[in-house]
Amino acid sequence: MTRSFPLERIRNIAIIAHIDAGKTTVTERILYHTGRTYKIGDVDDGTTVMDWMEEERRRGITITAAATTCYWQEHRINIIDTPGHVDFTAEVERSLRVLDGGVVVFDAVAGVEAQSETVWRQADRYGVPRICFINKMDRVGANFNRTISMIEERLHAKPLTIQLPLGSENNYQGIIDLIENKAWSFEGDPTTPPIEIAIPESEQDKCTQARHTLIEKLAETDDQILAAYLEGTTITPSDLKQALRRVTIAAKGVPILCGSALKTKAIRPLLDAIINYLPSPADMPPIRATDIRVGGEVTRPARDDVPFSALAFKVVSDPFVGRMVYFRVYSGTVKVGAQVYNSTRGKRERIGRLLIMHANRREEVEEVGAGSIVATLGLKNTFTGDTLCHYSQPVLLEAIRFPEPVLSVAIEPKTRADQDKLGGTLTKLTEEDPTFKVKYDQESGQTVISGMGELHLEYLVGRLLSEFGVKAQVGKPKVSYKETITIPVEAEGKFIRQSGGHGQYGNISIRLEPMERGGGFLFVDKVKGGTIPKQYILAAETGIKGAMETGVVSGYPIVDIKATIYDGSYHEVDSSDIAFKMAGSLALRNGVTRAKPILLEPTMKLEVVAPDEFLGDIIGDLNSRRGHIESIETRDGLAVIHALAPLAETFGYATSLRSLTQGRATHSLEFCQYEEMPAELADRITGKAAVG
């Protein structure tokens, strides 16, 4: 394969941030400056390239991660513009899993916000090197230094300031480049390059001090700068750039830049920083994988001359071309028409067309190599998180983990034709979105869909009705409660049926123990002496898992328990997998009823930003919603309230907050964890379930 771009000149990056920090605007300006678009798109006008879906343009927010490719300084930059709303956090999760670097955008007025912390933690989890762009420097209340302090305090990061703003708020005109010791003005037409100007005398001392601080911080983590610093030798701009690249790629520091994306100021220096400081696929350590033939760990370096391996991270049902699968190539090459092996599903697939995406537009290519992010047609059995590889050397990459949905609604088709259409449409949507779940409730005869929040479900239902043309009635949102146990118990499950000929016999003894929150389910086999054959132990485990899904107290799934099977008996003739599956189900039900079961409810992290004068009213309202105030910060006449509140109590909170604060407050919600529900409320829920 002849590469159009060497691996060292490829950058795979995500633009990530809190909602309304300006991610999509930054991306649109990048596309304009790199010549990818010839007209600047605007979020408010609904003319952006990246927010191309009708729902995104109507709401003015990013909902789905859109991929694009652009070129700068003889480098290829693959960009994914991610959503900022917490309901669509899975889009950020899967994007960061397959990317090498990130640009984190902050609002210079608000600083580090709730979702900023979430995306930062996600990037930490995947070890993604990043640079920070402090946006909206031209807005009233913009505070560059305060935002840097918040990055340090709230994100526990090491900021490396490489630019200072030249003016602020209405007087913001450009940047001072601390590496080159130059000032740049961006006044004038967005299409013209920045103009170099003299650093104002009033800024000279501040500039010298900031550059000295930058060198000191680099010396703390980079041996080459430390040696030059101690020896007193001159540290050149080239030395600083190389050191910044090493420190950024090692995730030991984050370069800080600033600008105003809306006014198209400081976008070119941001593009230079992406090239200079963020890693290429060749800079990242080889991807780790499991060799499924021998079970050991292997690595796949980012090279074209090694076996092919890739991770599917997104599935899209495109109305024009059909089912598209996005994947990141970690090693090797793949051509159109090639046969690949899906090691997650154990199936062979054939690559159809290979497409380099530009939001909803496509550019066809014949072959792609390591470091590429592409979409393909023709993969019928490949889903999000699946590994694609060469069938002669099959490996399994670590899958992507997604949070469990916390909110549900019932949906009923209006006609028989809609019922047929609904099933296929829901299947397509679950393939696209791993945090969207569909379940058929046998007792009520309803189809129940679950998602990450009100906006998430509203968006999906909107697509059902408009994009897919399904006419349906939708119920009110319901919280996804869970059940668990509080004390260890031992229980027996015995299933015996005798009805002429072969009967059914299965008998097990288990010990149930509570686990910590988020512990999930752990099954332990402690059967000795062959009192139960292995295949029946597996059947018993399946039965236990099945009973956990439907719960015991109120029909909600059971979580966070450890089940140890330690004894039992079987019959040579009458025992079967079905009998032991039933015995497992009975044992779990018998045990849970005696283990002091409780209901768990999802709690949300809530951040409210409002003028000081409304603080008392907001706290009073949160207390009435069973909220727990964790901390209150004040800054420039604003109060920032951090609280925890049960999800059930947050329905309609946006409307309530607007009326309390004359529409002057903003808030964000993020799932935190499941916690025990107060007994009197749990009894009410249990009673409703029993009546239902």
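Just so it is clear, the values below take in all heavy atoms, side chains as well, and ignore hydrogens, waters and symmetry mates.
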**OP:** Take Asp124 and Arg130 through the test salt bridge (charged side-chain N to carboxylate O under 4.0 Å, His left out) and record every step on the way to the result.
**Re:** CA-CA 10 Å; Asp124 280 342; Arg130 65 217 88 144; 2.9 Å; yes
**OP:** Starting from the C-alpha separation in whole Å, work towards a yes-or-no answer on salt bridge (charged side-chain N to carboxylate O under 4.0 Å, His left out) for Asp107 and Arg139.
**Re:** CA-CA 9 Å; Asp107 182 330; Arg139 279 187 58 200; 3.2 Å; yes
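Figure legend: cation-pi geometry between Arg328 and Tyr330, with NZ or CZ positioned under 6.0 Å from the six-membered ring centre and within 45° of its axis.
None of Asn135, Asp138, Thr25 except one satisfies the side chain to side chain donor-acceptor pair (under 3.5 Å) rule with Ser260; the exception is Asp138. Between Thr69 and the choices Asn78, Asn12, Thr34, the side chain to side chain donor-acceptor pair (under 3.5 Å) rule is met once, by Asn78.
Between Tyr277 and Lys241 the shortest side-chain heavy-atom distance falls below 4.5 Å. Side-chain atoms of Ser280 and Leu7, non-hydrogen and from C-beta on, never get closer than 4.5 Å to each other. Put simply, the side chain of Ile80 reaches to within 4.5 Å of the side chain of Phe313, judged on heavy atoms. A 4.5 Å side-chain heavy-atom check between Lys206 and Ile176 finds every atom pair outside the cut-off. Counting heavy atoms from C-beta outward, Val368 and Thr333 have side chains that stay 4.5 Å or more apart. At a threshold of 4.5 Å between non-hydrogen side-chain atoms, the residues Thr264 and His33 count as touching. Phe144 places a side-chain heavy atom less than 4.5 Å from the side chain of Thr161. A 4.5 Å side-chain heavy-atom check between His75 and Arg11 finds at least one atom pair inside the cut-off.
Atom OG of residue Ser631 and atom CD1 of residue Ile641 lie 9.5 Å apart, to the nearest 0.5 angstrom. With values rounded to the nearest 0.5 angstrom, Leu270 atom CG is found 10.0 Å from Ile275 atom CD1. In this structure, the separation between NZ on Lys314 and CD1 on Ile373 is 12.5 Å, given to the nearest 0.5 Å. Rounded to the nearest 0.5 angstrom, Thr384 OG1 and Asp386 CG are separated by 8.0 Å.
Glu633 has no carboxylate O lying under 4.0 Å from a charged side-chain N of Arg146, or vice versa, which leaves the two without a salt bridge.
Looking at Arg268, its side chain never comes within 3.5 Å of a backbone N or O of Lys265 through a donor-acceptor pair.
Taking the six-membered ring where tryptophan is involved, the planes of Phe106 and Trp120 are tilted, since the angle between them lies from 30° to 60°.
In the displayed structure, Lys217 atom NZ is contacted under 6.0 Å by more than 12 heavy atoms of other residues, nucleotides or ligands. Heavy atoms of other residues, nucleotides or ligands lying less than 6.0 angstrom from CD of Glu74 number 12 at most. Applying the 6.0 Å contact sphere to CZ of Arg288 captures no more than 12 heavy atoms from other residues, nucleotides or ligands.
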